[in-house]
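So you know, we letter chains A, B, ... as the sequences are listed, proteins then strands, and number each from 1.
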Protein chains: 2
Amino acid sequence: MNNEKQIVDALRKRGNKVTPQRLVTIEVLMTFREQHFSVEELFQGVKQRNPDVGMSTIYRTVQILEEMGFITKRNFDDGFARYELCELDEKHWHHHLICLKCGKVIEMQDDFLEVLEKEIEEKKEFIIINHELKVYGYCSDCYGITKGEQFD
Amino acid sequence: MNNEKQIVDALRKRGNKVTPQRLVTIEVLMTFREQHFSVEELFQGVKQRNPDVGMSTIYRTVQILEEMGFITKRNFDDGFARYELCELDEKHWHHHLICLKCGKVIEMQDDFLEVLEKEIEEKKEFIIINHELKVYGYCSDCYGITKGEQFD
DNA sequence: ATATGTGCAAAACATTTGCATTTCG
DNA sequence: CGAAATGCAAATGTTTTGCACATAT
C-alpha cells in the first residue's frame, strides 16, 4: 500500500504540481483504504477539510492518479465510476463477489488464476498485465432470507 | 443461442406485447450474434429498417430483454453500456481479453474457474450464479508493435 | 517566468422519464 | 376495452471542458 509521500513524490517526478487541493485529496484517499469510493464521495470528504475545492478539480486529480496507477477504476453498475487504491507491491489483485440481491461487494484474495494466465499467454498470444474477476450470486445473508425461494 | 421465435414467445408469456418495433429490434439483435453492441448501435440498425422507431423504445426493449436473460450487460469502459446475446444452453460463460493498446476484445471459452467456484461457495458462503473474467494486457498485434518498448 | 492547476458555469453525454397518443391482445 | 407500448421532448445525473485567474516550481 502506498503512503502520501510516495504519491506526492511521484506527482512531482511526473511534472505535476502538488497543490493544497491535491494534498487534501490524497489525504482523504488514504482514509478510504479498503473502500470502493466514488468521485462524489471523495469530493464530500475533501470538502469537509477544505470547502473551497471544486468538483472538477477532484475529477482531474482522480484522472491523474489513475494514469499513475495509484487507483483503479471499478464498475459495479450503480450509476457512477468507483475507484480503489492499488496495492502496487502485490502481484495479484483481489476479486469481487457481488450479491445480486443486496449489492454487497465482498473482497477475495486469490492466486488460482496464475495457471489460467499461463495458458492464456501461450494459447492466445496475449501478454497479461492484469485481470479482474467478478463473481455474481447471493451472499450468506441474502441466501438465508431467500432460502427455499426460486432464484428466478 | 436463441432464435427470434423463442424471444417472441417468451415476451408474450411474460405479458409483454410484440410490436413491430420490437420485432425489428429482435431481428437486428440476431445479426449481432458475436458482437458487443451498444444501444446506439442497435438503434442505428433498427432505424435502417424502420426510421420511425424512437431511441427510448430501444432502451426500453433492451431493458426487458436483459431482465428476461436474453442479453447481458457488459462494461468495457468506452463510455456506454454494451450488451451481448446470452447463450442460455451453455453453462459457463466466455471471458474477455482486452487489449490496453488498441482496445480489441478477444473472447475466450473456458471452464477452469469451476474449481475456484467450488472453493468460493465453501469458504465464503456464497451461492454463485455467474462470473465474469476480464484479462487486461497486450494482444499479439500490439505486442509486435511495442516489442522492445517499456509497457510503462 | 511559465507551465500547470483551479473554480465556476456551461456543455456534453448516455440514459430515464412524463405524458398524450397509439396499438396489441 | 384496457393494459402495455410508443415517440417526443424534457429531465436526469455523471463526467468533461472552456476560460479567466491563481499558483507551484
Length of the line joining [X]:[atom1] and [N]:[atom2], which is rounded to integer Å:
X        : N       : atom1 : atom2 : answer
Phe80(A) : dT15(C) : CZ    : C1'   : 15 Å
Arg14(B) : dG25(C) : CZ    : P     : 15 Å
Asp52(B) : dA5(D)  : CG    : C1'   : 15 Å
Lys17(B) : dA4(D)  : NZ    : P     : 7 Å
Glu67(B) : dA4(D)  : CD    : P     : 13 Å
Asn50(B) : dT22(C) : CG    : P     : 17 Å
Asn75(A) : dT15(C) : CG    : P     : 11 Å
Lys47(B) : dT6(D)  : NZ    : P     : 17 Å

Of all the choices, [options], which nucleotide is nearest to the side chain of [X] once you look at every atom?
X        : options                   : result
Ser56(A) : dG7(D), dC24(C), dC8(C)   : dC8(C)
Tyr59(A) : dT14(D), dG5(C), dT6(C)   : dT14(D)
Asn16(A) : dT4(C), dT23(C), dG7(D)   : dT4(C)
Val39(A) : dA24(D), dT15(D), dG25(C) : dT15(D)
Gln63(A) : dT16(D), dT25(D), dA14(C) : dT16(D)

DNA chain C: 5'-proximal contact among Thr57(A) and Glu40(B) (nearest heavy atom): Thr57(A)
Along DNA chain C (nearest heavy atom to each residue), the more 5'-positioned of Gly79(B) and Val18(A): Val18(A)
Strictly below 4.0 Å: does [X] bring a side-chain N or O up to OP1 or OP2 of [N]?
X        : N       : answer
Gln21(B) : dG7(D)  : yes
Arg60(B) : dT15(C) : no
Thr19(A) : dT6(C)  : yes

Student check: side-chain heavy atoms of Phe126(A) and Cys139(B) closer than 4.5 Å: yes
Phe37(B) side chain reached by Leu29(B) side chain, heavy atoms, under 4.5 Å: yes
Centroid-centroid distance, His36(B) to Tyr83(B), less than 6.0 Å: no
Position toward the 5' end of DNA chain D (nearest nucleotide), Thr61(B) or Arg12(A): Thr61(B)
Residues Asp9(B) and Lys13(B) bridged, charged N to O under 4.0 Å: no
Test: Arg74(B) and Glu132(B) ion pair at under 4.0 Å: yes
